[in-house]
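I have placed the structure first, in the form of structure tokens, so that the comments after it can refer back to it.
Quick note on labels: first sequence line is chain A, next is B, and so on, each numbered from 1. Just so you know, these numbers use all the heavy atoms, side chains as well, and skip hydrogens, waters and symmetry mates.
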Amino acid sequence: MARPRTPAGRAKIVDERLASLYPGDAASLCALDHDGPYQLLAATILSAQCTDARVNLVTPQLFARYPAVEDLAVAEPSDVEEIIRSTGFFRAKTASLLGMARAVVDRYGTVVPESLEDLVTLPGVGRKTANVVRSVAFGLPGLPVDTHVGRLGRRLGLTRQEDPVKVEHDLCSLLPPRRWGAFSIQMILLGRQVCVARGPRCGICRLADVCPSADPAAVGARATARRRPDR
DNA sequence: ATCCCGAGGG
DNA sequence: CCCTCTGGAT
């Protein structure tokens, strides 16, 4: 197979490879244990700088104590802090959880909103979290861009942007909306296991033959640049 | 040391 | 744009 030369050409093959490498849709690929939008929203807030496995250790207790968003809205902050402490950033995350819950109760009648514009108004909910909730909990188009998705998108030559919002725009324009959510998770899985931040393991990467950064010419150019750091 | 699906504030 | 928030695993 010839190495694709355009972003659209690469996107099509990258998309197919990722889908067969990590089969499933966004909901089945999501590693955060949850039942419904409220729980996923809370779990995603907790997942910042924390493994999903760690989040899954605390959410059973959190959801047992606060079964509905109305319960979390009136929770005692110190109680929530105690439950979620091991996920890190526990004071900020508690403020986000309570603020999110109050906003959902006060402004949306206890129903987690589906639109990106509404979701990002919730405390502690940024664009990435909003897109996770949209794609995983609601099955709607949404392409969460985190550090992995940005890095792999650039290495794979699907975008040249650094700004996550611009990366999202570029990737969304290259892929069918029904693939956005799963694509994001599949990029993250490859980013953690193979295409790591420092020293990507191109030798074992199933996408190396289509990846411009794994092109022998590109690899040679980088090696030369390292040997002669001055110009 | 580095990584784990960030968001908000100054 | 940079800083801070925070704990656990490897």
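- In terms of hydrophobic clustering, with Ile, Leu, Val, Met, Phe, Trp and Tyr side chains grouped at heavy-atom distances under 4.5 Å, A:L18 and A:I204 are assigned to a common cluster.
- In terms of the salt bridge (charged side-chain N to carboxylate O under 4.0 Å, His left out) criterion, A:R178 has no residue partners (sequence neighbours excluded).
- Across the protein-nucleic acid pair, A:K128 atom NZ and B:dG8 atom C1' stand 15 Å apart, rounded to whole Å.
- Listed nucleotides B:dT2, C:dG7, C:dC5 differ in distance to A:R198; the shortest reach to its side chain belongs to B:dT2.
- With sequence neighbours excluded, the residues that form a side-chain contact (heavy atoms from CB on, under 4.5 Å) with A:Q39 are A:H34, A:D35, A:F63.
- Between A:H148 and B:dC4 there is a side-chain N or O to OP1 or OP2 distance below 4.0 Å.
- Comparing C:dG7, B:dA7, C:dT6 against the side chain of A:F89 picks out C:dT6 as the nearest.
- Using a 4.0 Å heavy-atom criterion, one finds that A:V125 contacts the sugar-phosphate atoms exclusively.
- A straight line from CG of A:L41 to C1' of B:dG6 spans 13 Å, rounded to a whole angstrom.
- Remark: A:T129 is in phosphate contact with B:dA7, judged by side-chain N or O atoms under 4.0 Å from OP1 or OP2.
- For DNA chain B, no neighbouring residue in residues 156-172 of chain A is found when judged by any heavy atom under 4.0 Å.
- A:G150 and A:V145 make their closest contact through N-CG1, 4.2 Å (heavy atoms, listed as atom of the first residue, atom of the second, distance).
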Restricting to nitrogen or oxygen on both sides, can you table the protein-nucleotides 8-10 of chain C pairs closer than 3.5 Å?
unit_1 : atom_1 : unit_2 : atom_2 : d
C:dG8  : O3'    : A:R54  : NH2    : 2.7
C:dA9  : OP1    : A:R54  : NH2    : 3.0

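- In this structure, A:R10 has no salt bridge (charged side-chain N to carboxylate O under 4.0 Å, His left out) partners at least two apart in sequence or on a different chain.
- When all heavy atoms are compared, the tightest approach of A:A130 to A:V120 is CB-CG1, 3.8 Å.
- For the C1' atoms, the distance from B:dC3 to C:dT6 is 14 Å, rounded to whole Å.
- The side-chain contact (heavy atoms from CB on, under 4.5 Å) test applied to A:A75 returns A:Y66, A:L72, A:V80, A:L98, not counting sequence neighbours.
- The interatomic distance linking A:I188 (CD1) with B:dG6 (C1') rounds to 12 Å, in whole Å.
- Residue A:Q49 contributes atom CD, which lies 10 Å from atom P of B:dC3 at whole-angstrom precision.
- In terms of the salt bridge (charged side-chain N to carboxylate O under 4.0 Å, His left out) criterion, A:R54 has no residue partners (sequence neighbours excluded).
- Residue A:R91 places at least one side-chain N or O under 4.0 Å from the OP1 or OP2 atom of C:dT6.
- In this structure, the CG atom of A:L57 is 19 Å from the P atom of B:dC4, given to the nearest Å.
- Following rounding to the nearest Å, A:I185 (CD1) and B:dC4 (P) show an atom-to-atom distance of 16 Å.
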Extract all donor-acceptor atom pairs below 3.5 Å that involve side chains of residues 40-48 of chain A and protein atoms in other chains or at least two apart in sequence.
unit_1 : atom_1 : unit_2 : atom_2 : d
A:T44  : OG1    : A:L40  : O      : 2.7
A:S47  : OG     : A:T44  : O      : 2.7

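- Counting to the nearest Å, the C1' atom of B:dG6 and the NZ atom of A:K93 are 9 Å from each other.
- In the region residues 18-31 of chain A, proximity to DNA chain B at under 4.0 angstrom, judged on heavy atoms, holds for none of the residues.
- Sorted by first and then second residue, the ring pair (Phe, Tyr, Trp, His ring centres under 6.0 Å) pairs with a member in residues 74-120 of chain A form an empty list; sequence neighbours excluded.
- B:dA7 atom P lies 9 Å from atom CD1 of A:I45, rounded to whole Å.
- Checked against side-chain contact (heavy atoms from CB on, under 4.5 Å), A:E16 has the following partners two or more places apart in sequence or in another chain: A:K12.
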Could you go through residues 19-27 of chain A and list every donor-acceptor pair under 3.5 Å that involves a side-chain atom there, pairing it with any protein atom two or more places apart or in another chain?
unit_1 : atom_1 : unit_2 : atom_2 : d
A:S20  : OG     : A:R17  : O      : 3.2
A:Y22  : OH     : A:Q193 : OE1    : 3.0
A:D25  : OD1    : A:A27  : N      : 3.3
A:D25  : OD1    : A:S28  : N      : 2.8
A:D25  : OD1    : A:S28  : OG     : 2.9

